[in-house]
Every structure is written in structure tokens, then in C-alpha cells.
Amino acid sequence: MQNGEIARELERIATLMEIKDEAYYRILGYRRAAESVVAQGRPVREMEDLTKLAHVGAATAGVIRDLAEDRTPQLLSDLLEEVPAGLVEVTRLPGVGPRTAGRLWRELGITSVEELGALEEGKLAALKGFGKKSEERVLKAARTYNATEKRMLLNEATNLAGEILEFVRSHPACERAEVAGSLRRQKETIGDLDIVASSGEMKALADAFAEAPFVQEVLAHGPTKVFIKTRGVEVDLRIVEPEAYGALLHHFTGSQAHNIVLRERAVKRGLNISEYGLARAGTGEYEPVASEAELYERLGLPYIPPELREDAGELLAAEKGELPDLIEVGDIRGDLHVHTNFSDGRGTIESMAEAAISLGYEYLVFCDHSQSLKVANGLSPERLKRKIEAVREADEKYGEIRLLNGSEVDILKDGTLDYEDALLAELDFVVASIHTSFNIGEEAMTERMIRAINNPYVRTIAHPTGRVLNRREPYEVDVSRLIREAARTNTALELNSYVDRLDLSVPYVREAIGAGVKITIDTDAHDEGALGFARFGVSQARRAWVEKGSVVNTLPLAEFEAYLREGK
DNA sequence: GCCGTTTTCGGCCCGACTGTTTTCAGTCG
């Protein structure tokens, strides 16, 4: 099992224990262990001592070991014998938690969302603590439940949040407002949106928001907190007095795991943290904190950027003064992987070049598809040669930017490349990637890609795991082996910035830079607008603790050209 | 369950909103 699956199983264990009404802190232990596994870069399967992970002790380590080696842990099989597995899904219904799910099971014999949805009217309302409203809400949730929840891509979430933010900011009662939550941390996909605001008239702003034109449904509405649904997305607005804005922004940016460890740290120093500010322990009298920087400072820490707030070692690094100097969008000097209408792009060499110039880039590498990828109008050797000429001519025309020749050459099923080496030698930069024969098994796929990595002309491997968010799982490949091989051969790995790829994913990027592998942050743009997706590639790199020095295309033109000349 | 610069036992983050209640449990973030 991979880290993600292991974490999901640990979550499932925690939920089953919650339904059983086990001790709260025992459950919390498994939940925090799940988060540690997700945050971990390299596959936990390869770790010798699992208790080195935060929040993992002897017991949880045994469970993780079993899962990693595809055995069912005794704990899990015992739980599944006692608690129906379908109840885990019941707890995912909005407004239904583990306690309610447990009662539904014990008192009504419910074991799945489907059974709950088919329940006769009045049965639920008759339970103690339930009423008509609760019944209506729960039944509706069960009947409209959709198991395959789709999460927003970063650009969709950014656009939607922008519109909502504009409404909030334009209200006269609003002093400041920002996006918080997972979007501010730039998680790869976004479920809900969190907006925070400060205001001297909180209730007026809350009421206005609940009646905003984009509101589909009001889920909760108090004087400082409004929870609505718009276009199927839940949006949470939280409001505080202006003096407490920093504490609120921090609180709602999360992650929850980061907040918890930070608060525990504060408690040890005699302080409580809440969204209202800092208090001497036990007094409940909060002193407002106006900025996040001030909050960290008063805890004796340097500012921790939102992208790092995942309880993935950032507090320890902050204490030691070893936080990374994270890469920024402005550090990107060029894009090494863009398409044109020679293959399946919509832009021309010129239009793409001009879009790159307007971003301030110093160089741009055109990488159209290779001959065997017919569906993408891949270039035959003859057409590639014509394109090489066309790029050279265009390069003469533009003084502001260096235009270079590349190819996104297919790695064929046997690991050979889709052009002869002699042709690859004529190119400035070669990107290699997989677009066919995804299901050949982990061993064969790994060997196939390692063969490509060992080709002397291949400088980076594009979208190395082939995943497409919300659409396609990554193919099976041993990424850790690819990373070791890339390090050995001085081959880079791509962090593809296209919003539905973001591939390599963050944990692997962190593993790769740890192994000394260079990263290319490319957009794979098929039109001019997509060049702007570089910001999302950069935000993922920041989540992976990447500094500018680890990224090939932060090199100024002269140094980049030297890098090209040196070869591998 | 985990964890330790007051520790190997006794702690373990914090608050808003809802529904069904007359004081609070459950859910959520």
C-alpha cells in the first residue's frame, strides 16, 4: 500500500473506533498518525523505524507495517467484525457524526447510507434528541449522497473565491477580508472555501453575506459565522473585530494539525491560542493579535508560510531557524515544456513567445509531441526538423527572449524513445514522458522509465506518475527508484504545473530534492493562458519545501545555457 | 493512542452554531 491508502485505512480505523465509542484520545492517536503518514515524503513502506514518524508509537507502527505490506491489521479485522463497514460512509453525511451513526446502528439497525435513505418517515424523529428538522436533514443528506465527491482544482477554487471575496470586501462594514483554509495553503485540490473578515459591525456583514446573490442555501447563520452553499460548494465566512484579524486568519488557515501542535506548544509556555488571540493559560482573557507574524513572534517563532503549515516538521525547523527560503513565482525565468499548434497546442510559436515575454521570461522551450502520439498530432522527424527551423527563425525575431527547441518525446513501451538519438541531439532540451501503455505493472513501468532516464539526451521526465486529478489515478511505478536513478544520472524530474496534474506530487518532490534531484517547474501549456499556471506549480513546490536553487528554470539565461551545454 | 527543557504517568486545542433542549451534546472546522 502507498502512503495515501495507508492514511485512509488509519482514518477508517479511527472512525470505526469512534462509532464503537472508544476512548477519545486513543482515536485521536490513529487520526494524527494518519496525518503524519500523508505528510511523509518517502513511502513509509521503506522506513525501518516507523516510530520516527510524529504521533506514531509502537502500536500504530505495527498497524502501519501491516498495511504497508498488504496485510489486514488484527485491530482492523476485529473492528470490522463488530462494526458494519458501511457506517463509515454514514459518518460522511453532513451533520451526521460517529455518535449519531452509532446510535442509528444500535437503535434502528442502520448499516449503510442506502438503508438510512430508505428509512420510513417518523422513525428518526422518534429517537431521543431528534426531531422533525433533524430527520428531514439527515434523510435528505442520505438520499442525495454522492460517494464520488469531486474536489475543485486550484484555478476553479481561486476564481470562485475571488468573486466571493470581491462581494465581501465591497461591503461597507468590511474592513479586511482574505481567503484562508486549504486554498490559502494551496492544497492540490480544494473542498470548501474559507473566507475570513474583520469588521466593526460584524452582524451587519454576516447578514449581508447570508443574503448575497450567489447564495444557494444558508447552512448556518450566526452573528460572527455564516456557512453557505454556492454552485455546490460550501463557503464559510468568519468575522472578528479588526484587532483580532491576525489570530483569525491564522486559525482559519490551518491546517488543523498545525494549529493543534502550535497550541500544544503554547500551552507548555503558559499561553492559550484561539481565533481571538493569545491568553495567559486558564484566564480566558484573550489579547487580540493583529497579524500572523505577531502571533508567531509572541510564541518565539519566525513566520511560517501557509504552504508549510501541515505539521510536517515545520515547527521543529522554525525553532531551529532552519525554515527553507521558499521559491517564489518571480524566481521562474522560463518555461521548459510548452506546446504549439505544430502538435496539439492552440498557440503559435509567436503567440506563445509573446505570452512568455509578458510574464517577463528570459527563455522558452517548445516541446511538441513526438511521432507515435498520433492523437496529439505528434511530429514526424521531418516535421520536427521544419519546426526546429521555424523556432530558430522566431528566435532571431525576438530580442527579449531566447526561444529554444525541445520535444516531449514519448517513452515507448520498452523504454526506448520515440526519436533516434541523432535527432534528439539536435534539440536544446528533451522532455520524456509516458502517454501510452499505462497498465504494464510497477516493475515493468519502473524499468521502462529508468531506461529513458539513462538516455543521455533526456533532461527531465515530464509528469512522472501520469495522474490526472479527479479523472485518473497515477500508473504504478516505484517513484523512489526513479528518484535515485535521476540523482545518479543528473536527470531532472518535472513538477508539471497544469492544474489537473501537479505531478510529481508534493511528497515526492520533497523526497526528490532531499535526494539532490533538480526539479523543472513547467506548465505543459497548450495555449497562452496556461503559461500562468506556473503559479500553481510554484505553490506545490513551496508545499514541498523547495528553494529556488533546486529548480532548473530559476537559472538566469546565461547560466541556463551553460547548464544545457554541460549536458548530463 | 502518543508524548516528555517542570514528565515514563497524567496529561493531551479551541470555539461557533444547531436542534432539542431548559443546560447541552453533537458536529464542524
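Throughout, a chain's letter reflects where its sequence line sits, starting with A, and its residues are numbered from 1.
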- Would E264(A) and K268(A) count as a salt bridge (Lys or Arg N to Asp or Glu O under 4.0 Å) if you check the C-alpha gap in whole Å, the side-chain angles of each, and the deciding distance to 0.1 Å? CA-CA 6 Å; E264(A) 284 175 352; K268(A) 289 189 187 115; 5.5 Å; no
- Item | Trace of the ring pair (Phe, Tyr, Trp, His ring centres under 6.0 Å) decision for Y296(A) with H250(A) | CA-CA 10 Å; Y296(A) 283 114; H250(A) 183 271; 5.1 Å; yes
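Ion pairing between a basic and an acidic side chain is recognised when a charged N comes within 4.0 Å of a carboxylate O; E285(A) and R280(A) show no such pairing. Between E314(A) and R309(A), no side-chain nitrogen of the basic residue sits less than 4.0 Å from a carboxylate oxygen of the acidic one, so the salt-bridge criterion is not met. Salt bridge annotation for E107(A)-R99(A): absent, with no cationic side-chain nitrogen under 4.0 angstrom from a carboxylate oxygen. R12(A) and E9(A) are joined by a salt bridge, as a carboxylate oxygen and a charged side-chain nitrogen come within less than 4.0 angstrom of each other.
Nearest-nucleotide positions on DNA chain B for K268(A) and R238(A) put K268(A) closer to the 5' end. Positionally, the nearest nucleotide of DNA chain B for G57(A) lies more toward the 5' end than for the other of V226(A) and G57(A).
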- Task: At under 4.0 Å between heavy atoms, which parts of nucleotides 21-29 of chain B does protein reach? Answer with one letter per nucleotide, 5' to 3': B base, S sugar-phosphate only, - none.
- Result: -----SSSB
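Comparing the same atom, C1', in dT5(B) and in dG1(B) gives a spacing of 24 Å after rounding to whole Å. Taking the P atoms as reference points, dC2(B) lies 23 Å from dT6(B), given to the whole Å. A distance of about 44 Å separates the C1' atoms of dT8(B) and dG19(B), rounded to the whole Å. Look at the P atom in both dG29(B) and dT22(B): the space between them is 27 Å, to the nearest Å. Using P as the reference atom, dC9(B) and dC14(B) are 26 Å apart when rounded to the nearest Å.
Candidate nucleotides dC13(B), dT20(B), dG15(B) were compared by shortest atom distance to the side chain of Y286(A), and dG15(B) ranks first.
Under 4.0 angstrom from either OP1 or OP2 of dC2(B) there lies at least one side-chain N or O belonging to T60(A). Look at Y276(A) and you won't find any side-chain N or O under 4.0 angstrom from OP1 or OP2 of dC14(B). An OP1 or OP2 oxygen of dC13(B) is reached within less than 4.0 angstrom by no side-chain nitrogen or oxygen of N272(A).
Using a 4.0 Å heavy-atom cutoff across all strands shown, L28(A) reaches no nucleic acid atom at all. Across all strands, I27(A) comes closer than 4.0 Å to no nucleic acid atom at all (heavy-atom distances).
You cannot call Y25(A) stacked on the base of dC2(B); the centres under 5.5 Å and planes under 30° rule is not satisfied.
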